[in-house]
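Heads up, the thing below is written out as structure tokens.
Whatever order the structure lists ligands and atoms in, that order sets their numbers, starting from 1. Start at 1 with the first residue, then count along the sequence. These numbers come from a predicted model, not from an experiment.
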Amino acid sequence: MKYIYETKDICRDFIQGRQTVHALKNINIKIEEGTFTILKGTSGSGKTTLMNILGGLDRPTSGKVLFDNVDITEMSDFDRDMLRRKNIGFVFQSVALISVMDAYENVEFGLRVSGANRKEWKQMVGNSLVRVGLEKRMHHKPFQLSGGEQQRVAIARAIANKPRIVFADEPTAELDTHLGLKIVKLFKQLVNDAGLTILMTTHDPSMIEIADHVISLEDGEVIDER
Ligand SMILES: Nc1ncnc2c1ncn2[C@@H]1O[C@H](COP(=O)(O)OP(=O)(O)O)[C@@H](O)[C@H]1O
Ligand SMILES: [Mg+2]
């Protein structure tokens, strides 16, 4: 088994006025490469905080985050940015597509930021839109797409650069259950067919059966894992 991530006693405190919020308390988890993991928990349990730390968008107050056995908390901001651009894709709850750009251009814009070789953009965009089943919608703008289709464009944008891992923070929260399940099944398919590693957060228990690995958070602690 190869672990893409391993955490050692991650804590994250937020100081708010005179109060300290212990958002994460001694988190020790491992994410195996090529698996679909769901991070489950009610609102406020610490899911986003943990995902941001794993993705290098935030630093823990204490503890280590090993990516390929290298502690990213010790890296300079520059090195961590580079690691993120090359290896990590993000999908957020609110889709955040650029409204004046069509599906193709939105995905291409993501590649621009990632530093991928310009000669390969066209093929990379095409491949990733095919992977999410949107090849026939390439030249539709966001307002011409349903919510589920917009989320697929965001997924295509996250996977276009062939990252090692995709983090998806409540990507189904603004979709009805049926469409949400389709997104979750798409993630599973991307893991099985494209060898991606995906970590998704949700508070919806109906999604979790599809995952290879489920980590349950409550009050900043891992309370269950299967
Ligand atoms: N920037 C912040 N400043 C202060 N408190 C925060 C901040 N971000 C998160 N928190 C607190 O940390 C806890 C976990 O939040 P979060 O990770 O967003 O939970 P979830 O994503 O599971 O809903 C909550 O109590 C939240 O209020
Ligand atoms: Mg959250």
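Of the heavy atoms in Thr49, both backbone and side-chain atoms come closer than 4.0 Å to ligand 1.
Of the N and O atoms on the side chains of Ser206 and Asp204, at least one donor lies less than 3.5 Å from an acceptor on the other residue. Neither side chain, Thr20 nor Asp13, offers a donor N or O lying under 3.5 Å from an acceptor on the other.
Ranking the protein heavy atoms by distance from atom 25 (O) of ligand 1 puts Val21 CG1, 3.8 Å first. The closest protein non-hydrogen atom to atom 14 (C) of ligand 1 is Gly44 O, 3.4 Å.
For atom 27 (O) of ligand 1, no protein heavy-atom neighbour is present inside the 4.0 Å cut-off. For atom 4 (C) of ligand 1, a protein heavy-atom neighbour is found at a distance under 4.0 Å.
Taking a cut-off of under 4.0 Å to the non-hydrogen atoms of Ala23, the atoms of ligand 1 that pass are 12 (O), 13 (C). Atoms of ligand 1 lying under 4.0 Å from any heavy atom of Gln16, numbered from 1 in the order shown and given with element: 4 (C).
In this structure, Thr42 is part of the shell of residues with a heavy atom less than 4.0 angstrom from ligand 1. Using a 4.0 Å cutoff on heavy atoms, Ser45 counts as a contact of ligand 1.
For Asp68, the salt bridge (Lys or Arg N to Asp or Glu O under 4.0 Å) criterion is met by Lys2, Arg164, not counting sequence neighbours. Shown here are the side chain to side chain donor-acceptor pair (under 3.5 Å) partners of Asp102, two or more places apart in sequence or in another chain: His139.
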Can I get a per-line list of side-chain donor-acceptor pairs under 3.5 Å for residues 174-187, giving both atom names and the distance, sequence neighbours left out?
unit_1: Asp176; atom_1: OD1; unit_2: His178; atom_2: N; d: 3.3
unit_1: Asp176; atom_1: OD1; unit_2: Leu179; atom_2: N; d: 3.1

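Of the residues Asp169, Thr37, Thr48, Thr172, the one that meets the side chain to side chain donor-acceptor pair (under 3.5 Å) test with Thr201 is Asp169.
Between Glu32 and Lys30 there is no salt bridge, since none of the side-chain N atoms of the basic residue sits less than 4.0 Å from a carboxylate O of the acidic one.
Nearest to atom 19 (O) of ligand 1 by heavy atom, out of Ser43, Gly46, Gly41, is Gly46.
The side-chain heavy atoms of Leu134 and His140, taken from C-beta on, include no pair separated by under 4.5 Å.
In terms of polar-atom proximity, defined here as any N/O pair under 3.5 Å, Glu170 makes no such contact with ligand 1.
Sorted by chain and number, the protein atoms of type N, O or S within less than 2.8 Å of the Mg ion (ligand 2) are Thr48 OG1.
Using a 30° and 60° split on the angle between ring planes, Phe67 and Tyr5 fall in the perpendicular class, above 60°.
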